[in-house]
Undergrad: 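Provided herewith is a single structure, encoded as structure tokens, for subsequent inquiry.
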Amino acid sequence: MAELIALLPAIAFYGTVVVLAVAEVLRPGRNPTNTLGRRWLTNIGLFVAEQLVVRFAVPVSAVLISQMAADDGVGLLRLVPLPYAVDVVLGVLLLDLWQYIEHRLMHAVPLFWRLHRVHHSDVDVDFTTAERHHPAEVMVSAGGLMLAVYVLGVPPLAIVVYIAVASVVALVSHANLRLADGFDRPVRRLIVTPAVHVIHHSSDSPETNSNFGTVLTTWDRLCGTYRAPTAAGDRTRILGLEYFRGVRDARLDQVLVQPFLKTRTQPPTLADTGARKHAITP
Ligand SMILES: [Zn+2]
């Protein structure tokens with residue numbers, strides 16, 4: 001049974017990948033602007049590098065750190081003795097809050113933005129974008145998660161459940177799918193949907209700096225960074241960054257050096273450029 005629980009994040013993740021790959025082919029929400037093959041080669045290249053770390057090393061290390069915190073008697077959740085089930089639920093919520101804070105830092109700190117902009121330079125967004133992160137960003141995030149687990153005293157079960165839930169919601173929220181409004185509207189009151197998260201991938205900076213949440217929309221609503229989807233926004237929104245839009249920029253080798261390339265280090269504003277450089281340049 002314990003082995004099965006440990007496999008939960010991997011089963012949930014790969015099951016969702018298969019379902020979304022089929023759903024995006026059958027009912028794509030947006031027409032792609034760049035060649036799917038080229039984007040997928042890059043995103044799946046980053047995906048393979050990330051899988052070894054994220055799917056295996058991170059959950060195992062986080063559980064070990066959690067046990068270390070328990071042995072040391074360290075952690076916010078240990079300040080008040082609560083039933084185990086409450087600790088698990090609070091642990092899951094606190095990890096999602098930590099993800100929100102970390103994502104805000106990724107945008108606000110210039111050095112972190114250099115890493116995180118690899119995720120944002122995808123000119124189309126689909127479920128593979130969820131796994132498009134520079135290996136250095138993956139390492140920084142993993143370090144942040146270990147620190148959060150130790151300081152918060154999150155129980156191992158909460159870590160496993162959160163990683164499984166967050167990876168599934170991230171895949172779905174990046175998917176190129178248009179869910180029925182009657183379904184999306186009530187769900188997004190609490191959970192990040194594709195319509196909510198695609199706004200975060202806009203090349204327009206007020207939109208880029210909104211909807212940071214991974215699982216819950218609650219943190220964005222509480223912190224004033226929530227932007228509700230609108231039909232007009234969906235029609236006119238251009239995804240990606242205003243730079244790194246060329247065909248060459250989409251290649252895996254180019255994406256890997258993006259953090260080191262000289263360009264603006266803050267999320268862009270279209271007004272800054274005076275022109276909408278959105279066409280894919282050969
Ligand atoms: Zn972001």
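Just so we're clear, the structure is a prediction, and the values are computed from it rather than from any experiment. Numbering of ligands and ligand atoms starts at 1, following listing order.
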Undergrad: Where the side chain of N176 meets the backbone of E24, is there a donor-acceptor pair that is under 3.5 Å apart?
TA: no
Undergrad: For the Zn ion (ligand 1), which protein N/O/S atoms fall under 2.8 Å? Skip waters.
TA: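 Metal shell, protein only: H103 NE2, H107 NE2, H116 NE2, H120 NE2, H200 NE2.
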Undergrad: Do I191 and V196 touch side chain to side chain, with heavy atoms closer than 4.5 Å?
TA: no
Undergrad: How are the rings of H120 and W113 set relative to one another: parallel (under 30°), tilted (30 to 60°) or perpendicular (over 60°)?
TA: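 Rings of H120 and W113: tilted, 30 to 60°.
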Undergrad: Just so I know, are the side chains of T218 and L190 near enough to count as touching, which here means a heavy-atom distance under 4.5 Å?
TA: yes
Undergrad: Ignoring hydrogens and angles, tell me if any N or O in the side chain of D220 forms a donor-acceptor pair with the backbone of G213 under 3.5 Å.
TA: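 Judged by distance alone, yes, a pair lies under 3.5 Å.
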Undergrad: Give the C-alpha distance, both sets of side-chain angles, the deciding distance and a yes or no for side chain to side chain donor-acceptor pair (under 3.5 Å) between H200 and H103.
TA: CA-CA 11 Å; H200 182 74; H103 196 175; 2.8 Å; yes
